[in-house]
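Some notes on the structure that comes next.
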Amino acid sequence: MKILVTGFDPFGGEKINPAIESVKKLPDTIAGAEIIKLEIPTVIGKSVDKIREKIEEVHPDVVLSIGQAGGRPDITVERVGINCDDCRIKDNEGNQPIDEKVAEDGPAAYFSTLPIKAMVKNIQDGGVPASVSNTAGTFICNHVLYGVAHIQATKHNEMRTGFIHIPFLPEQVVDKKNMPSMALDTIVKGLTLAIEAIVNNKDDIKITGGKTH
């Protein structure tokens, strides 16, 4: 099995992005699966284009994208991406689409085709905080979650795709009062456990991951 794992470069004035830093530190093999690592730009369009090019080059069985969610206290496995770019801030090339579609010919939403609850459980069982998330926002993380799912749905039906959000690193919150963070090694451990669950679970497990609001 080949798993393509992507991580964004720094954005929003930050000097570091835990997404690409954690991806770089992943083992090259997890649970027998080959891990292919890719840095992607925090740019509308170009982020998905770079993943599309890599998909055509390496033909992965799974594409798992990692993004920073500053303010979240745990590792969150995303359930759904929506067909909406509504960017609160500009991307790294100054783009700021508002209420535009990720894909003009796409449906309103795509659900992750990864075993999200098995992933969360395996992360938690390994001693790392994790939960299911029901929104990936409307910035570039959602753009990639939806965009890669659209590639899967229209060109690579056999491929599975999904997205994980991770917290700030401790060094990012030194000047951010009461902001949660997670050590890089803990994030890497959590992502490794998530990937183990992907390899070992073709179908998801039946446990609750819902929220009341």
Side-chain angles (χ1 to χ4, degrees), residues 5-26 37-48 50-51 64-82 84-99 102 112 116 119-120 122-124 126-147 162-195 209-213:
V5 187
T6 77
F8 292 98
D9 61 3
F11 71 97
E14 297 288 337
K15 296 179 180 178
I16 192 170
N17 192 325
I20 188 55
E21 297 306 319
S22 58
V23 169
K24 288 176 183 176
K25 293 194 71 174
L26 288 173
K37 306 166 189 180
L38 178 68
E39 181 171 346
I40 60 174
T42 307
V43 179
I44 291 287
K46 288 185 178 180
S47 49
V48 175
K50 189 164 184 178
I51 296 172
L64 174 64
S65 297
I66 312 301
Q68 169 190 290
R72 293 191 187 181
D74 60 349
I75 292 176
T76 47
V77 183
E78 297 296 342
R79 190 194 298 262
V80 60
I82 61 172
C84 179
D85 288 327
D86 189 7
C87 297
R88 183 180 61 83
I89 61 174
K90 294 179 180 180
D91 70 13
N92 283 352
E93 291 189 355
N95 304 299
Q96 193 176 11
I98 297 173
D99 296 337
V102 180
S112 170
I116 62 169
M119 292 161 69
V120 167
N122 207 45
I123 298 169
Q124 292 174 338
V128 179
S131 61
V132 173
S133 168
N134 297 300
T135 175
T138 56
F139 191 50
I140 299 183
C141 290
N142 175 78
H143 180 83
V144 164
L145 169 54
Y146 184 95
F163 198 100
I164 294 177
H165 267 121
I166 57 177
F168 279 136
L169 297 174
E171 55 264 43
Q172 292 179 278
V173 303
V174 172
D175 60 350
K176 298 178 178 71
K177 189 175 180 180
N178 299 322
M179 184 68 70
S181 66
M182 185 176 286
L184 181 58
D185 286 347
T186 304
I187 293 173
V188 173
K189 179 181 178 181
L191 296 182
T192 301
L193 291 164
I195 292 170
K211 293 179 172 65
T212 55
H213 58 276

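Just so it is clear, the model here is predicted, and its values are computed rather than measured.
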Are Lys37 and Lys24 close enough, and set up right, to give a side chain to side chain contact (heavy atoms under 4.5 Å, CB included), and what steps lead you there?
CA-CA 7 Å; Lys37 306 166 189 180; Lys24 288 176 183 176; 5.6 Å; no

Heavy atoms, side chains only, cut-off 4.5 Å: are Thr6 and Val23 in contact?
no

Polar contact flag, side-chain donor to acceptor under 3.5 angstrom, Gln68-Glu14:
no

Give a yes or no on whether the backbone of Glu78 and the side-chain of His165 come within a donor-acceptor separation of less than 3.5 Å.
no

Can you tell me if Lys90 has over 12 outside heavy atoms packed within less than 6.0 Å of its NZ?
no

Before giving the answer on side chain to side chain contact (heavy atoms under 4.5 Å, CB included), spell out for Ile140 and Asn92 the whole-Å C-alpha distance, their side-chain angles and the decisive distance to 0.1 Å.
CA-CA 10 Å; Ile140 299 183; Asn92 283 352; over 6 Å; no

Do other residues, nucleotides or ligands put more than 12 heavy atoms under 6.0 Å from the NZ atom of Lys15?
no

Are there over 12 heavy-atom neighbours, none belonging to Lys46, within less than 6.0 Å of that residue's NZ?
no

If you measure only the distance, is there a donor-acceptor pair under 3.5 Å linking the side chains of Asp91 and Thr42?
no

4.5 Å side-chain heavy-atom contact, Gln172 and Ser181:
no

Output, in order, the C-alpha distance, side-chain angles, deciding distance and verdict of side chain to side chain contact (heavy atoms under 4.5 Å, CB included) for Ile187 and Glu21.
CA-CA 10 Å; Ile187 293 173; Glu21 297 306 319; over 6 Å; no

Closer than 3.5 angstrom, by distance alone: can the side chain of Ser22 be matched with the main-chain N or O of Ala19 as a donor-acceptor pair?
yes

